[in-house]
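Below is one structure, written out as structure tokens; comments come after it.
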Amino acid sequence: MMSEPKRLHPVAAVANFLQSLKELLLPVFVLIIFGGEGGFFQFITSGIVILLLLLSGIITWLRFTYRIEEGELRIESGVFVRKKRYIPFERIQSLDTSEGILQRPFNLVKMKVETAGSSGKGDAEAVLTAINKQEASLIQQALLHSKGQASDADDDRDLSAEPKEDIVYKISPGELLLLSSTSGGAGVVISAVVAFILQLDEVLPYERIFAQFEHFIKNGILFISIVIFIVFFIAWLIALIGSLFKYADFTVKKVDNDLIITRGLLEKRQFTIPFNRIQAVKITENLLRQPFGFASVYVESAGGSLQNASSSSVLLLPITKKSRIADILKPYLTDYAFEPILTPAPRRSCVRYLFRGFLTSILPMVLPLLFFRPWGYFALLLLPFSLFLSYLKYKDAGWGIHGQQLTLRYRGLLKNTVFMKKNRIQKLSMEQSYFQERADLATADAAVMSGFGGSGGTVADLEKRDVQQVYEWYSYTEKVEDRL
């Protein structure tokens, strides 16, 4: 099976060219548009560079082969220097596929090979840019057989046969619209636009723009308010459309011993999460969704396709009623209790939460008040918001132990509830400042291994005896007063 070297689909040559072009797009754009005199020469130079990139993409495709042999995925590549990579199946954590704009018209997929030694920067061990779905299925089934996930009685069956699938979750049109509308992506869009504009400080006439802006301000608060509203509405609309494309057809399946997540409209992506790599489960609720009882669910993974810190927390249920989470996940994550009884923070810790909120709002308020009056007075609105958020942090703080599971609940802007099994916890520490000691309070901090870092939760200002109980549960000791 696939013992002869095979080339990728010719679409891979186009993908190689576009990837190289993408890396040089900004320098070429600046060279052509803002290069000053000698425009024709610059145009010819840019054309030669693009032609060389196209030839490089074609040659790279011709020199790239892959095959399966002796329990290994063997890849040979390189234009001038021939490189050989032999990846044993036992080292492969996952094979994740995606269907981009180039692949979908030809019924192809892009396959990423993730191993335990993959780069923490998000680089896969190997990438098969364009292969047909049957070949991708053959590689996936070969991986399952090599790891003993198929029985000996099935050794002779057709490896191209589809494994049994169980649909765990599929997003509905209403949930997709609600997810996209409340994603908070408008701020990301505005930040990206501002960052791009700042890169053109030598091109854009900022002084003239600011002079015009001052003229607009003189037209009154109403005009400025309308402009701000339009800007945020456009940013929200762009974020809405982006989320609709990103999370369209979001589906979670159980396939053998893995959870398979697929999503995307223009680019259909797939992620693999082995059950034995799940370190913790986290429920998050943002300020917009929480009043309506909606939440999102993430799983913390220490393997699979999630080797880098930015993606080790995987979105499992993008949006659903919080009351439905246990019904959806309990049949598959049977050893987790998703509705445990939690002990809240004591009443006397409320003052500490509010005081911290007051302190964190002082500096952001003082600077605008001193240097940007009269507009700086709007910074005073930060104080009630900060105090309100601090009160929510106090109300949401809690902990609970249910058998072999530790549950921590805490809040930043998002309300988080983290479920961790004792045998997955890598670190559990207790902290107590001088002022906490006087109030007989302490902080609990627990973390599981996730990607190349850690993930978990920290709950501040709990009862000291409660923190001691958590530590005793984890460390099997009876007395830890001397540790605090």
Subject >> CA sep, side-chain torsions, deciding dist, call: Leu381, Phe378, side-chain contact (heavy atoms from CB on, under 4.5 Å) >> reply: CA-CA 6 Å; Leu381 297 175; Phe378 282 105; 4.2 Å; yes
**OP:** Mark yes when over 12 heavy atoms from residues, nucleotides or ligands other than Leu370 sit less than 6.0 Å from its CG; otherwise mark no.
**Re:** yes
Subject >> Gly456 to Tyr410 - nearest heavy-atom pair and separation >> reply: O-OH, 3.1 Å
Original post:
Under the criterion side chain to side chain contact (heavy atoms under 4.5 Å, CB included), which of Thr407, Ile278, Leu329 is the partner of Tyr336?
Top reply: Ile278
Original post:
Atom CG in Asp440, atom OG in Ser349: separation rounded to 0.5 Å?
Top reply: 12.0 Å
Subject >> Test side-chain contact (heavy atoms from CB on, under 4.5 Å) applied to Tyr169 and Thr251, step by step >> reply: CA-CA 6 Å; Tyr169 169 87; Thr251 305; over 6 Å; no
Original post:
Roughly how far apart are Leu382 CG and Leu363 CG, rounded to 0.5 Å?
Top reply: 10.5 Å
**OP:** Could you walk me through whether Arg85 and Glu72 pass salt bridge (charged side-chain N to carboxylate O under 4.0 Å, His left out), step by step?
**Re:** CA-CA 10 Å; Arg85 278 178 293 172; Glu72 296 177 330; over 6 Å; no
Original post:
Is the count of non-hydrogen atoms from other residues, nucleotides or ligands lying under 6.0 Å from Lys330 atom NZ greater than 12?
Top reply: yes
Subject >> Check: Pro346 and Leu441 side chains under 4.5 Å, non-hydrogen atoms >> reply: yes
Subject >> Exam field: side chain Glu175 to backbone Ser172, donor-acceptor pair closer than 3.5 Å >> reply: yes
Subject >> Interatomic spacing from OG1 in Thr182 to CG in Leu177 - rounded to 0.5 Å >> reply: 9.0 Å
**OP:** Would you name the heavy atoms of Gly403 and Trp473 that are closest together and state the gap between them?
**Re:** O-NE1, 3.0 Å
Subject >> Any Ile260 side-chain heavy atom under 4.5 Å of Val252 side chain >> reply: no
Original post:
Below 4.5 Å, heavy atoms only, C-beta onward: do Arg289 and Ile319 meet side chain to side chain?
Top reply: yes
Original post:
Would one find more than 12 heavy atoms of other residues, nucleotides or ligands at under 6.0 Å from atom OH of Tyr332?
Top reply: yes
Original post:
Mind checking whether Lys422 and Gln405 have side chains closer than 4.5 Å, heavy atoms only?
Top reply: no
Original post:
Which heavy atom of Glu99 sits nearest a heavy atom of Leu108, and at what distance?
Top reply: CG-O, 3.6 Å
Original post:
So, do Tyr66 and Ile131 sit near enough that their side-chain heavy atoms are less than 4.5 Å apart?
Top reply: yes
**OP:** Using a cut-off of 6.0 Å, state whether more than 12 heavy atoms not belonging to Lys170 lie near its atom NZ.
**Re:** yes
**OP:** Check Ala280 against Val448 and note the closest heavy-atom contact, atom names and distance.
**Re:** CB-CG2, 3.9 Å
Original post:
Does Asp256 reach the main-chain N or O of Asp258 with its side chain, forming a donor-acceptor pair under 3.5 Å?
Top reply: no
Subject >> Verdict with supporting geometry, Thr97 and Leu95, side-chain contact (heavy atoms from CB on, under 4.5 Å) >> reply: CA-CA 7 Å; Thr97 62; Leu95 299 169; 5.9 Å; no
Original post:
Does a side-chain N-to-carboxylate-O contact under 4.0 Å join Arg67 and Glu76?
Top reply: yes
Original post:
Salt bridge or not for Arg356 and Asp461, using N-O below 4.0 Å?
Top reply: yes
**OP:** Begin from the C-alpha positions of Glu285 and Lys322 and carry the test salt bridge (charged side-chain N to carboxylate O under 4.0 Å, His left out) through to its verdict.
**Re:** CA-CA 9 Å; Glu285 304 165 70; Lys322 188 178 179 181; 3.0 Å; yes
Original post:
So does Tyr86 have more than 12 non-hydrogen atoms from other groups sitting under 6.0 Å from OH?
Top reply: yes
Subject >> Side-chain (Gln436) to main-chain (Ser433) donor-acceptor, under 3.5 angstrom >> reply: yes
**OP:** For residues Asn286 and Pro291, report the shortest heavy-atom separation together with the two atoms involved.
**Re:** O-CD, 4.5 Å
Original post:
If we only count heavy atoms from C-beta on, is the Lys282 to Glu300 side-chain gap below 4.5 Å?
Top reply: yes
Original post:
About how many Å separate CD1 of Ile401 and CD of Glu472, when rounded to the nearest 0.5 Å?
Top reply: 9.5 Å
Original post:
Does one side chain, of Tyr474 or Gln469, offer a donor that lies under 3.5 Å from an acceptor on the other?
Top reply: no
Original post:
What distance separates Lys112 NZ from Ser98 OG, expressed to the nearest 0.5 Å?
Top reply: 6.5 Å
**OP:** Report yes or no: does Trp399 contribute a side-chain atom to a donor-acceptor pair with the main-chain N or O of Leu406 at less than 3.5 Å?
**Re:** no
**OP:** May I ask you to say whether Asp445 pairs ionically with Lys427, meaning some side-chain N is under 4.0 Å from a carboxylate O?
**Re:** yes
Original post:
If we only count heavy atoms from C-beta on, is the Leu128 to Leu8 side-chain gap below 4.5 Å?
Top reply: yes
Original post:
Do the side chain of Glu431 and the main chain of Ala442 share a donor and acceptor less than 3.5 angstrom apart?
Top reply: no
Subject >> Where Asn416 and Leu414 come nearest, the two heavy atoms and their spacing >> reply: ND2-O, 3.1 Å
Original post:
Are the side chain of Ser180 and the backbone N or O of Leu176 linked by a donor-acceptor pair below 3.5 Å?
Top reply: yes
Original post:
Going by the ring-ring contact (aromatic ring centres under 6.0 Å, His included) test, which pairs reach into residues 250-269, not counting sequence neighbours?
Top reply: none
**OP:** State the CG-CG distance between Asp335 and Asn423, to the nearest 0.5 angstrom.
**Re:** 8.5 Å
**OP:** Please list, chain by chain and in numerical order, all residues satisfying salt bridge (Lys or Arg N to Asp or Glu O under 4.0 Å) with Asp396, sequence neighbours excluded.
**Re:** Arg411, Lys415
**OP:** Decide yes or no for Val281 and Met420: does some side-chain heavy atom of the first lie under 4.5 Å from some side-chain heavy atom of the second?
**Re:** no
**OP:** Return yes if some donor-acceptor pair links the side-chain N/O of Ser20 with the main-chain N/O of Asn16 below 3.5 Å, else return no.
**Re:** yes
Original post:
Between the main-chain N or O of Leu383 and the side-chain N or O of Ser386, is there a donor-acceptor pair closer than 3.5 Å?
Top reply: no
Original post:
How are the rings of Tyr394 and Tyr391 set relative to one another: parallel (under 30°), tilted (30 to 60°) or perpendicular (over 60°)?
Top reply: tilted
Original post:
Any donor and acceptor pair, going by atom type alone, linking the side chain of Glu125 with main-chain N or O of Ile87 inside 3.5 Å?
Top reply: no
Original post:
Can you tell me if CZ on Phe275 sees more than 12 non-hydrogen neighbours from other groups inside 6.0 Å?
Top reply: yes
Original post:
For Asn107 and Asn132, what are the C-alpha separation, side-chain angles and deciding distance, and is it a side-chain contact (heavy atoms from CB on, under 4.5 Å)?
Top reply: CA-CA 6 Å; Asn107 201 30; Asn132 65 53; over 6 Å; no
**OP:** Could you tell me whether the side chain of Trp236 and the main chain of Ser181 form a donor-acceptor pair under 3.5 Å?
**Re:** yes
Original post:
Distance only, no hydrogens: is a donor on one side chain within 3.5 Å (strictly under) of an acceptor on the other, for Ser301 and Arg277?
Top reply: no
**OP:** Just grab all the salt bridge (Lys or Arg N to Asp or Glu O under 4.0 Å) pairs involving residues 261-271, residues at least two apart or on different chains.
**Re:** Asp249-Lys268
